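Treat the numbers as computed from the prediction; the structure is a model and nothing was measured.
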Amino acid sequence: MPQITVEYSASLSDAFDRRAFALALHPVLAEVAGSELGSFKTRSYRLDEAVVGDGASGESMVHVRVGLFSGRDAATKAAVADATLSVLTAHLATVSGQRVQATVEIAELDKDSYRKQYVGGL
C-alpha cells in the first residue's frame, strides 16, 4: 500500500516517462498521505485502444488510480489527488496535435482484508 495504477494512451509512450513519474510521486505521496515510502507500488499500462470524447478530437488520456487504506479524511484524499495531478503533468511532454486529459482517482483499500507478504530475500 499505496497501490498506484497508471493507464495511458499509446500515443503518449514517448512523451510520458512512467518510471520518472513513479519515482517522483512516491516520496511526495508518502509525505502527503503519511505512508511508508517502501510500501508504494506503481504499475503502468499502455492502452492501445483508448477513445476520448467523440474519438475525432485528437485527444489522448492518462488516468492514475491511487489506492490508499480506508479511513483517510476528504481533505487528505483531495491533497493526494492534487499532488498526483501536479507530479503527473510535470512528467508529460507536449505531443504535437494532441491534447491530453490527465485524471486522478483516489480509491480506498479495505484495511481488514488487505494482505502483504515478502517472498524471498535480497
Trainee: Find out if a path of hydrophobic residues (ILVMFWY) with successive side-chain heavy-atom gaps under 4.5 Å connects Leu23 to Val6.
Mentor: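 They do not share one cluster, since no chain of ILVMFWY contacts under 4.5 Å joins Leu23 to Val6.
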
Trainee: Hey, could you give me the NE2/OH distance between His63 and Tyr8, rounded to the nearest 0.5 Å?
Mentor: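 That separation rounds to 15.5 Å.
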
Trainee: Main chain of Gln3, side chain of Arg65: is a donor-acceptor contact present, judged purely on distance under 3.5 Å?
Mentor: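 Not confirmed, Arg65 side chain does not pair with Gln3 backbone.
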
Trainee: Of the options Leu88, Val87, Thr42, Thr103, which is the one that meets Val64 in a side chain to side chain contact (heavy atoms under 4.5 Å, CB included)?
Mentor: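 So, applying the side chain to side chain contact (heavy atoms under 4.5 Å, CB included) to Val64 and each of Leu88, Val87, Thr42, Thr103, only Leu88 qualifies.
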
Trainee: Same cluster for Phe40 and Tyr45 if Ile/Leu/Val/Met/Phe/Trp/Tyr side chains link at under 4.5 Å?
Mentor: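 The answer is no; the residues belong to distinct hydrophobic clusters.
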
Trainee: So if I apply the side chain to side chain contact (heavy atoms under 4.5 Å, CB included) rule between Val100 and each of Val95, Leu92, Val52, which one comes out positive?
Mentor: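 Of Val95, Leu92, Val52, side chain to side chain contact (heavy atoms under 4.5 Å, CB included) with Val100 is met by Leu92 alone.
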
Trainee: Between Arg19 and Asp17, is there a salt bridge with N-O shorter than 4.0 Å?
Mentor: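 Judged by the 4.0 Å cut-off on N to carboxylate O distance, Asp17 and Arg19 do not form a salt bridge.
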
Trainee: Do you reckon Leu12 sits in the same ILVMFWY cluster as Leu47, going by side-chain contacts under 4.5 Å, direct or chained?
Mentor: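 Looking at the clustering, Leu47 is in a separate group from Leu12.
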
Trainee: Nearest 0.5 Å, please: how far is NZ in Lys116 from NZ in Lys41?
Mentor: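 So the gap between those two atoms works out to 5.0 Å.
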
Trainee: Any idea which heavy atoms bring Ser13 and Arg46 closest together, and the distance?
Mentor: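 That would be OG-CD, 3.1 Å.
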
Trainee: Please give me the minimum heavy-atom distance between Gln98 and Ser60, naming the atom from each residue.
Mentor: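 Reported closest heavy-atom pair: OE1-OG, 2.8 Å.
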
Trainee: How long is the gap from NE2 on His26 to CD on Glu36, to the nearest 0.5 Å?
Mentor: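 So the NE2 of His26 and the CD of Glu36 are separated by 13.0 Å.
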
Trainee: Kindly write out the residues that satisfy ring pair (Phe, Tyr, Trp, His ring centres under 6.0 Å) with Tyr114, not counting sequence neighbours, or none if the list is empty.
Mentor: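 Per chain and number, Tyr114 pairs via ring pair (Phe, Tyr, Trp, His ring centres under 6.0 Å) with Phe69.
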
Trainee: Nearest heavy-atom pair of Ser44 and Arg18: which atoms, and what distance?
Mentor: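 Ser44 and Arg18 have their closest heavy atoms at OG-CG, 3.4 Å.
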
Trainee: Does atom CD of Glu31 have more than 12 heavy-atom neighbours from other groups under 6.0 Å away?
Mentor: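 Open: at most 12 neighbouring heavy atoms sit under 6.0 Å from CD of Glu31.
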
Trainee: Can you say whether the rings of Phe21 and His91 are parallel (under 30°), tilted (30 to 60°) or perpendicular (over 60°)?
Mentor: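 The arrangement is perpendicular - the two ring planes meet at more than 60°.
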
Trainee: Do Arg72 and Ser35 have a side chain donor and acceptor closer than 3.5 Å?
Mentor: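 Yes - a donor-acceptor pair under 3.5 Å links their side chains.
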
Trainee: Verify the cluster assignment for Leu109 and Leu29: are they in a single hydrophobic cluster under the rule of side-chain heavy atoms below 4.5 Å apart?
Mentor: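 Yes, one cluster joins them.
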
Trainee: Is Leu25 reachable from Met61 through a run of hydrophobic residues whose side-chain heavy atoms are each under 4.5 Å from the next?
Mentor: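 Different hydrophobic clusters.
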
Trainee: Can you confirm whether more than 12 heavy atoms, excluding those of Asp14, are under 6.0 Å from its CG atom?
Mentor: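 No, because the 6.0 Å sphere around CG of Asp14 holds 12 heavy atoms or fewer from other groups.
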
Trainee: At what distance, to the nearest 0.5 angstrom, does OG of Ser70 lie from CG of Asp112?
Mentor: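 Between Ser70 OG and Asp112 CG, I get 7.0 Å after rounding to 0.5 Å.
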
Trainee: Considering only distance and modelled atom types, tabulate donor-acceptor pairs under 3.5 Å from the side chains of residues 77-85, sequence neighbours left out.
Mentor:
unit_1	atom_1	unit_2	atom_2	d
Lys77	NZ	Glu108	OE2	2.8
Thr84	OG1	Val80	O	2.7

Trainee: Might you confirm whether atom CZ of Arg99 has over 12 heavy atoms from other residues, nucleotides or ligands at distances under 6.0 Å?
Mentor: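 Counting other residues, nucleotides and ligands, CZ of Arg99 stays at 12 neighbours or fewer.
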
